[in-house]
Amino acid sequence: MRKNLAIYSIFLAVSLTTISAIAVEIPITVFPLDKYDQNINNWVKPSDPDYDAPLIKFSNQKDHLKKYYNRYCATWDHKYVKIALEQELKNKISEQKITSKYSDSIKIGYAENFRPYSKQWIKDIIANMNLKQFVLPLKYKANNRGIAVKNLFARELPTTDPYFYNFSLPGEGYPFDNLQESSVWVGTGVYIIGETLDKQWYLVLTPHFIAWVQSDGIAKTSKAFIAKWQKHAKQKLVAITRTNISVFDNNNQYRFDAYIGAVFPAIFPSKNSAKNTTSILIPITNSYHNAQIAFAKLSNKDAAIMPLEATPHNFATIISNLIGRPYGWGNMYFYNDCSAELQSLYTPFGIWLPRNSSAQIKVGKLVDKSSESSQERLKYLMENGKKFMTIIKIDGHIMLYLGSYPNPNSAMHEPITMTYQNKWGLKPSDNSYRAIIGQSVLLPMLPSYPEDPKLNSLANEKCFQVSYLESL
C-alpha cells in the first residue's frame, strides 16, 4: 500500500508541475470523513437483538451455494463455454471496433507520461492479437481449460500500458486506466480462447467475463486435475474472509496472496488436523507449466466454510476486514471498485454476483425509483430497505444499504440512510470537479453534505434503483 501511495504522490507531483506549465487545474478536492464514524460496530452493534439472527434461511443459502458452485466451475463445462463464446466474444475481437475506439481523434487516450498514443500503438497491439485465430464459430478444445496460479489483472487489450483520458476532465486521468477491467484471483478456472503472437498473453473466459491476462499466470489443467478439483469443491468450498493474506503450501513455501473474493476447494479434516485451521487445495505448476494440486492450511480467522451464515454479525466482520482499503478502478493494485466490493463481500455467504453494477442490480427483486424525488427515495429506503440484503444503484455506481440510524452529527438526531460502498468521489450538479473519497467507506445518504453543499446527494442522481437480494 505504501508503494502505491508513493506512486500516486509522484503522479500528483508531476501533474501539478505540468499544470503550472500549461495553466490547467486538476478538478480534485478531498472529501473529509472526520464526521462519519468508520467503525462498523458503532452502527451494527453486538448488543443489537438481531445481531446473530439470520437475514435469509440457511437452506436458501445452501441453494445459492449450489448455483455458486455451478458458476465457479462453469469455464470447464463444454456447454457454458460454447454459449459464452457465441454471445460475448465478437465484441472483444472486432478489429474495426478496436481501431475506432483507440484511434479516436476526439476522445484521445494518453499514456502515463501525459502524451497521446499514436495510431501505430494500437496497430501493433492488434497485430500481436493475431485476430485470425478467432474466426467464429470456434471449436471447443478440452486442452484449453486452465486455472489461475497467480492473481492477475484482466485487461481489455493485451498490454500493461495504461490508457487514460484527459486528466483535466473530472473523473478522468489517474486512476481510470480504461484498459483495466478487473482481476482474476488465484484458483479461478478459465478457458483459454487464444494467445498473442508473442505468447505473453492469453484471451480467457472466466466465470464472470472475457479478458486478456498475462499467460505466465495461467496453467493448463488435465482431466484428472479438474476431476479432483471439482470433487472437493462440490463437497466443500472455502472463502477467504481476511484480505491480502499470505498462503503457504504444506512445505511452508510461500505461494501467493489471497483476497476476500477468492475461493478454494476444502479438504475434509483428518484426525491429526490442527484445530482452528482449514485445509484447502491450491493450484501450482510443474516444469511444463501444467497445473498440479498442492495443499495449504488457513487459519479460521482468515477463511470460512461456505456458506457463512448471513447474519449482521458475519457481514460486519467481513466489512471490518474490507473497510478503508483504497479504491481500485477495475481491481487496480488488487483493490476493489464499487461492484468488486459487493461481489467480494457476498462471496463468503455463497451468493454469486456478476462483476459490474448494471448486472448486479438485476440479480434480486428490482424496484426502480428513478422518477421520484430524492426525499421520496430516502423515505422509501428507510421504510422498505433490508439491511445487508438491499443494494442501491445510482449513475455508474452501486452500494450496500446498512439501515436507518439516528444522525450522530445533528442535534435533532433525525434518521438517516446509512450505506457501505467503495467510492471514488462525490460530484456537484455541474460535474465540474470531484471530492475524492477514494476508499471503501461507511457514508450516509444525506440530502446534502455540510462539508460542501455544492456536492450532489447520492440520492439525487438521475438513476436510482433498489434490488432486494433476499429475493434472489
Side-chain angles (χ1 to χ4, degrees), residues 65-89 133-152 154 184-196 199-239 247 249-251 253 255-256 258 262-268 270 278-297 305-306 350 352:
L65 184 61
K66 291 177 184 177
K67 297 175 183 177
Y68 191 100
Y69 168 82
N70 290 337
R71 177 64 68 162
Y72 177 73
C73 295
T75 52
W76 294 334
D77 178 75
H78 179 194
K79 292 181 180 179
Y80 174 83
V81 171
K82 183 179 179 181
I83 292 171
L85 294 185
E86 289 175 353
Q87 295 179 350
E88 300 177 34
L89 183 58
Q133 68 182 305
F134 300 117
V135 176
L136 297 173
L138 292 180
K139 184 179 179 180
Y140 173 82
K141 299 178 182 178
N143 290 337
N144 282 14
R145 292 177 294 180
I147 194 167
V149 293
K150 294 180 180 180
N151 295 309
L152 298 166
V184 180
W185 300 130
V186 175
T188 301
V190 303
Y191 179 82
I192 301 168
I193 304 170
E195 183 180 36
T196 53
K199 299 188 181 301
Q200 294 181 26
W201 295 85
Y202 284 146
L203 183 66
V204 297
L205 170 67
T206 78
H208 306 289
F209 48 75
I210 292 175
W212 290 95
V213 298
Q214 291 181 305
S215 58
D216 64 351
I218 300 293
K220 291 193 174 182
T221 51
S222 66
K223 186 176 180 180
F225 177 100
I226 291 173
K228 186 172 183 178
W229 192 270
Q230 288 182 322
K231 175 185 175 182
H232 285 276
K234 198 165 188 177
Q235 291 172 339
K236 194 180 294 185
L237 280 171
V238 172
V247 176
D249 65 21
N250 279 359
N251 294 319
Q253 180 178 346
R255 290 295 180 177
F256 52 82
V263 173
F264 301 91
I267 304 171
F268 283 110
S270 66
T278 300
S279 295
I280 61 170
L281 275 61
I282 60 172
I284 61 173
T285 63
N286 62 17
S287 57
Y288 298 99
H289 213 69
N290 292 321
Q292 291 184 322
I293 288 175
F295 306 96
K297 288 183 180 179
I305 301 295
M306 295 170 66
W352 181 84

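Since this is a predicted model, take the numbers as computed values, not measurements.
Side-chain contact between Thr188 and Val263: absent, with no pair of heavy atoms (C-beta onward) separated by less than 4.5 Å. Here the side chains of Ile193 and Leu89 are in contact, with some heavy-atom distance below 4.5 Å. Between Trp229 and Ile147, some side-chain heavy-atom pair lies under the 4.5 Å cut-off.
Aromatic ring centroids of Tyr72 and Tyr80 lie 6.0 Å or more apart.
His289 places a side-chain N or O within donor-acceptor distance of the main-chain N or O of Asp216, the cut-off being under 3.5 Å.
The two residues Gln133 and Glu195 come nearest to each other via the heavy atoms NE2-O, 2.7 Å.
Relative orientation of the Trp212 and Phe134 rings is perpendicular, given thresholds of 30° and 60° on the angle between their planes. Below 30°, between 30° and 60°, or above 60°: for Phe264 and Phe256 the angle between ring planes is below 30°, a parallel geometry.
Counted within 6.0 Å of CG on Asn143, heavy atoms from surrounding residues, nucleotides or ligands total 12 or fewer; the atom is thus considered open.
Taking the ring-ring contact (aromatic ring centres under 6.0 Å, His included) definition, one finds that Trp185 meets it with Tyr259, Phe334, sequence neighbours left out. For Lys220, the salt bridge (Lys or Arg N to Asp or Glu O under 4.0 Å) criterion is met by no residue, not counting sequence neighbours.
Within the structure, no pair that satisfies the salt bridge (charged side-chain N to carboxylate O under 4.0 Å, His left out) test touches residues 136-147, not counting sequence neighbours.
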